[in-house]
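The block underneath contains the structure these notes are about, expressed in structure tokens.
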2 protein chains.
Amino acid sequence: MKLSASGLGQQAAHEGENKCLNSELWHACAGPLVCLPTVGSRVVYFPQGHSEQVAATTNKEVDAHIPNYPNLPPQLICQLHNVTMHADVETDEVYAQMTLQPLTPEEQKDTFLPMELGIPSKQPTNYFCKTLTASDTSTHGGFSVPRRAAEKVFPPLDFSQQPPVQELIARDLHDVEWKFRHIFRGQPKRHLLTTGWSVFVSAKRLVAGDSVLFIWNENNQLLLGIRRATRPQTVLPSSVLSSDSMHIGLLAAAAHAAATNSCFTVFYNPRWASPSEFVIPLSKYIKAVFHTRVSVGMRFRMLFETEESSVRRYMGTITSISDLDPARWPNSHWRSVKVGWDESTAGERQPRVSLWEIEPLTTFPMYPSLFPLGLKRPWHPGSSSLHGIVPY
Amino acid sequence: MKLSASGLGQQAAHEGENKCLNSELWHACAGPLVCLPTVGSRVVYFPQGHSEQVAATTNKEVDAHIPNYPNLPPQLICQLHNVTMHADVETDEVYAQMTLQPLTPEEQKDTFLPMELGIPSKQPTNYFCKTLTASDTSTHGGFSVPRRAAEKVFPPLDFSQQPPVQELIARDLHDVEWKFRHIFRGQPKRHLLTTGWSVFVSAKRLVAGDSVLFIWNENNQLLLGIRRATRPQTVLPSSVLSSDSMHIGLLAAAAHAAATNSCFTVFYNPRWASPSEFVIPLSKYIKAVFHTRVSVGMRFRMLFETEESSVRRYMGTITSISDLDPARWPNSHWRSVKVGWDESTAGERQPRVSLWEIEPLTTFPMYPSLFPLGLKRPWHPGSSSLHGIVPY
DNA sequence: GTGTGGGCCGAGCGCCGACAA
DNA sequence: TTGTCGGCGCTCGGCCCACAC
């Protein structure tokens, strides 16, 4: 077992896994809304959210079998000691590993609260993402590159040759090199990737509906990522793992860490969690919970990621504010806001969101602010010490 | 969440996973030494053993991060409510799921102890297993069937045709049908599988070193299984799973079940655990621990599985008897026997075994029996009630 | 008895422009 | 602008034997 230099006992990354160095590529594959908190900053951890994620992986409801952890609050304020970005060797699935240390009430009180809002995720500008068509993934042909994308992202072709051809080299998350023949031909003229494309498709087991990303990083390297379509049920290949055990394990680890002031490790898969995360920057939490007035009937905006990995704003109205699970996680702010969505695609949007996910339209409220939440539901998890710091 | 008819709250099998019906095939793929206990019988569960298995999957040592479960004894006597055999949809990896209910001291005392030793695993007799060669898995050719195996297992060919040909149909663990052309040709004559073989190899992603099994079951069906070679490090594809969490979860689930007299679920992968299991029949445990005299210097035999899935006997000498982990699991009999192996391949054999794995050669001890273990280390985990039942 | 390689035939991979949406 | 198709050349998948250990 490796320990880091800080000596805090945080868990080393699993041996044998590739460390992801291409931060841009990781963020691009994770999605435009991903924003990891800064190492050394403070975050809020929601056991409830993490449990939801575990349950989601096995498509099973959280059952009542699990023991109670009465000393485990619905949210833990933690010091973030480490963030490591990973990509699964088999599937290229990206995820982050965080080492968290719950703070004692003492520590929570002692320190000032710098308003760090996390690393602004390095959203690459010079990149494109395309969802693969049946023709793209068939063995019959190559990859049809959208014209604007090719002109913006790919190196310019030498149009003196006919047809113009060049070799593209791109690296994936595991630093594996992929070579493609990029040609501009056909009638009408178009950009195509031919030789090298099919081996990439079969190696990554891509199917129609999955997406590929081409990105330039700061070091002038062309990066290549994939994003798989959300399939109905990705069967967990981990045969020995019981989701109950994982669920219990997460709760037990968090509770133990909180009780002994030690570290615990959580894994964060942005493709699953987004947009409802379970580790968020403390400053974001405080701003949303204590400095923002929210009430039933209020209008709000919220960012969502589309299939094409762009960002869209959706509008909605707050219909009620209450605990998601009053029995097991009383006074948790996680997904405490019930909302109604404006558009007809409302069925696809989740009916519950968290305060820090939405952007209230306070300037034009549809109804008068009857019950400002920030005043009615003060800080509670045994650490009223924060009251002195956060004025409201 | 589905509950079984017994109402005991045992966990249903994961939805969406194929239930394995071919018991023979399951056992064949699991290995010749596999023997699952009978439903309704009593077993002993070793949390320590299970933790070892979890650690093995990530090739990481069990660290000291985990909370203590002072109420969790080193072994739990449990009622076995359910055993389900599974095969991973992706990899065909076989594993069993067991629902266990820890018994109260009352229950342990009240009931008689029938000497069930588990289902004698249905070891198929009419079968063969071959480790694949480079030629077998190459795209250039088919599968070369060992002559004796073909003559014993495959249906007899019609030698009136030249060359003799027939179609073989076999079913795998997921009840998927595979068709092969079986031909007897070449100079010298040999049995080959040609058409259909390569699709099987690529579908199962078989490589040289993996094994295939052909088995006849009771219903006169030809079954087809695979057993992958032990590769250096099978990276766990489960990205969100922390082995710490799993480890803690298993301990917490077991401790909680023991405290509340409820059920918990364990997964058992015979290819990993063999031959040191963590769920064994109670009768086997009692026989080994209380009715067998073992001492330092004593000679013993032990069964091992060879690469070719046959069984071999190895001889050795007991060098010491002590707890594997006196601090965390005091008085556990799990791998309490340190041994030295006779052969030069000793480095490959584990240096510690459990009492129920070995077969002491009491008739010809090399050294006199100085410290019979059964007498020196009586039953302990708070249930001395068993003393009255097990005479010694 | 069985693993590997050469020969050799043909299915299908993969490159091309022609359409049409 | 780009998804799909018919065309067609050529690679390699796959069936055969010879040979060697």
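First the proteins, then the strands, lettered A, B, ... as listed; each starts at 1.
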_B/H182 side, atom NE2; B/E167 side, atom CD - distance, nearest 0.5 Å_ = 12.5 Å
_Classify A/T139 by what it touches in the nucleic acid, base, sugar-phosphate, or nothing, heavy-atom distance under 4.0 Å._
base
_Counting the atoms with a prime plus P, OP1 and OP2 as sugar-phosphate, which does A/T195 contact under 4.0 Å by heavy atoms, base, sugar-phosphate, or nothing?_
sugar-phosphate
_Qualifying residue for side chain to side chain contact (heavy atoms under 4.5 Å, CB included) with A/L222, from A/I169, A/L168, A/N126_ = A/L168
*Ignoring hydrogens and angles, does a donor from either the side chain of A/H140 or the base of D/dG6 sit under 3.5 Å from an acceptor on the other?*
yes
Using only side-chain N and O atoms of [X], determine if any of them is under 4.0 Å from OP1 or OP2 of [N].
X	N	value
A/S144	D/dG3	yes
A/T133	D/dT4	yes
B/R181	D/dC16	yes
B/K189	D/dA18	no
B/R185	D/dC16	yes

*Side-chain donor/acceptor of A/S202 to backbone N/O of A/V199, under 3.5 Å*: yes
Figure out the [atom1]/[atom2] separation between [X] and [N], and round it to whole Å.
X	N	atom1	atom2	answer
A/H191	D/dT2	NE2	C1'	12 Å
A/D136	D/dT1	CG	P	17 Å
A/L192	D/dG3	CG	C1'	11 Å
A/F143	D/dT2	CZ	P	10 Å
A/I183	C/dC15	CD1	C1'	8 Å
B/F184	D/dC16	CZ	P	14 Å
A/H182	C/dC15	NE2	P	14 Å
A/L132	D/dT2	CG	P	14 Å

Between the protein and nucleotides 19-21 of chain D, list the N/O to N/O atom pairs that are separated by less than 3.5 angstrom.
none

*Under 4.0 Å between a Lys/Arg side-chain N and an Asp/Glu carboxylate O for B/D136 and B/K130?*
yes
*If each of A/L193 and B/R147 is mapped to the nucleotide of DNA chain C with the nearest heavy atom, which maps nearer the 5' terminus, i.e. the 5' end?*
B/R147
*Ring geometry between B/F180 and B/F214 (parallel below 30°, tilted from 30 to 60°, perpendicular above 60°)*: perpendicular
*Do the ring planes of A/F200 and A/W178 sit parallel (below 30°), tilted (30 to 60°) or perpendicular (above 60°)?*
perpendicular
*Applying side chain to side chain donor-acceptor pair (under 3.5 Å) between A/K204 and each of A/D172, A/T91, A/D210, report the one that passes.*
A/D172
